[in-house]
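The structure under discussion appears below in the form of structure tokens.
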Amino acid sequence: MKLGDKIRYLREVEGSLRGLGRPMNQVELVEGIRKELGTKISQSYISQIEGGSRPHMTQATRSLLAKFFKVHPGFLVDDPEGFHTELVSDLRTTEGKLDVWLLQGAERFASDAAVSDVLIKAARQKDTRSCFLLLGAILDTPGLADRLLEALRPDRGEISKVGEGGRSL
């Protein structure tokens with residue numbers, strides 16, 4: 001993946017995390033950086049990076065964007081030729097593998113903002129594995145998922161009832 005594609009992807013994820021229901025645009029990114037980090041970056045600079053006319057950025061800009069998007073600065077470079085995101089090293093922890101899998105899922109389900117948002121939120125949890133174990137325990141307890149959905153989201157009629165074994169009814 002090219003640097004510009006990564007910035008566009010991060011804007012999409014950030015827009016979902018901030019409840020916009022759409023990707024954060026470049027102007028919103030610039031404003032967010034100014035408000036949250038107290039630093040300026042120009043929209044035209046972001047546009048040049050995303051458009052590919054500026055294939056590299058300064059270390060200061062890389063650090064700034066990494067801090068804003070909460071990613072490692074090393075992520076904000078072009079991937080090497082032949083690099084595939086679906087390959088996961090055996091040296092990664094279960095936690096890291098889950099997070100990568102969730103973020104890839106969020107990208108695949110971008111057309112379903114609610115599902116994509118939940119996958120991103122789960123990936124950003126400190127202990128993703130425990131979140132899944134908790135979900136499993138909830139689904140193993142008869143009727144608990146339905147009661148929780150009703151208690152936490154009584155106004156959400158579009159959430160389907162969850163039956164025994166976690167299957168939607």
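Just so we're clear, the structure is a prediction, and the values are computed from it rather than from any experiment.
Arg62 CZ to His56 NE2: the interatomic distance, rounded to the nearest 0.5 Å, is 9.0 Å. Rounding to the nearest 0.5 Å places CZ of Arg54 at 7.0 Å from CD1 of Ile49. Here the straight-line distance linking atom CG of Leu139 with atom CG of Leu148 works out to 10.0 Å at 0.5 Å rounding. With values rounded to the nearest 0.5 angstrom, Glu14 atom CD is found 9.0 Å from Ile120 atom CD1.
A single hydrophobic cluster is seen to contain both Ile41 and Leu37, as judged by linkage of ILVMFWY side chains at heavy-atom distances under 4.5 Å, directly or through other members. Tyr45 and Met24 fall within a single hydrophobic cluster, where Ile, Leu, Val, Met, Phe, Trp and Tyr side chains are chained together by heavy-atom contacts under 4.5 Å. Both Leu144 and Leu134 are part of a single hydrophobic cluster, where members link through side-chain heavy atoms under 4.5 Å apart. When the side chains of ILVMFWY residues are joined at heavy-atom separations under 4.5 Å, either directly or via intervening members, Val115 and Leu102 end up in a single hydrophobic cluster. No continuous path of hydrophobic side-chain contacts links Leu20 to Val118 [ILVMFWY only; heavy atoms under 4.5 Å].
At distances below 3.5 Å, at least one donor-acceptor pair connects side-chain atoms of Thr58 with backbone N or O atoms of Thr61. Between the side chain of Thr141 and the backbone N or O of Ala137 there is at least one donor-acceptor pair closer than 3.5 Å.
Judged as a side-chain hydrogen bond (donor to acceptor under 3.5 Å, both in side chains), and not counting sequence neighbours, Glu107 has no contacts. Taking Glu28 as the reference, Arg22 meet the salt bridge (charged side-chain N to carboxylate O under 4.0 Å, His left out) condition, with sequence neighbours excluded. Thr39 meets the side-chain hydrogen bond (donor to acceptor under 3.5 Å, both in side chains) test with no other residue; sequence neighbours excluded. Arg34 meets the side-chain hydrogen bond (donor to acceptor under 3.5 Å, both in side chains) test with Glu31; sequence neighbours excluded. Partners of Asp117 by salt bridge (charged side-chain N to carboxylate O under 4.0 Å, His left out), not counting sequence neighbours, listed by chain and number: Lys121.
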Output a table of donor-acceptor pairs, distance under 3.5 Å, between side-chain atoms of residues 64-78 and any protein atom two or more places apart or on a different chain; print 'none' if there are none.
unit_1 : atom_1 : unit_2 : atom_2 : d
His72  : ND1    : Gly74  : N      : 2.8
Asp78  : OD1    : Leu3   : N      : 2.5

- [ ] With side-chain contact (heavy atoms from CB on, under 4.5 Å) as the test, would you mind laying out the steps for Glu50 and Gln26 before giving the verdict?
- [x] CA-CA 10 Å; Glu50 288 187 15; Gln26 292 175 354; 3.0 Å; yes
TODO: Assess whether side-chain contact (heavy atoms from CB on, under 4.5 Å) is satisfied between Leu103 and Tyr9, documenting all intermediate values.
DONE: CA-CA 11 Å; Leu103 290 172; Tyr9 171 72; 3.8 Å; yes
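Crowding of Phe109 atom CZ: a count of heavy atoms from other residues, nucleotides or ligands under 6.0 Å not exceeding 12. Heavy-atom contacts from other residues, nucleotides or ligands closer than 6.0 Å to CZ of Arg124 number more than 12.
Contact annotation: the side chain of Asn25 never approaches that of Leu29 to less than 4.5 Å [non-hydrogen atoms, C-beta and beyond]. At least one side-chain heavy atom of Arg129 sits less than 4.5 Å from a side-chain heavy atom of Asp127.
Using a 4.0 Å cut-off between a side-chain N of Lys or Arg and a carboxylate O of Asp or Glu, Asp5 and Arg8 qualify as a salt bridge.
Between Arg147 and Pro142 the shortest heavy-atom distance is NH1-O, 3.6 Å. When all heavy atoms of Leu119 and Ala106 are compared, the pair lying nearest together is CD1-N, 3.6 Å.
No hydrogens or angles considered: nothing links the side chains of Ser47 and Ser44 as a donor-acceptor pair under 3.5 Å.
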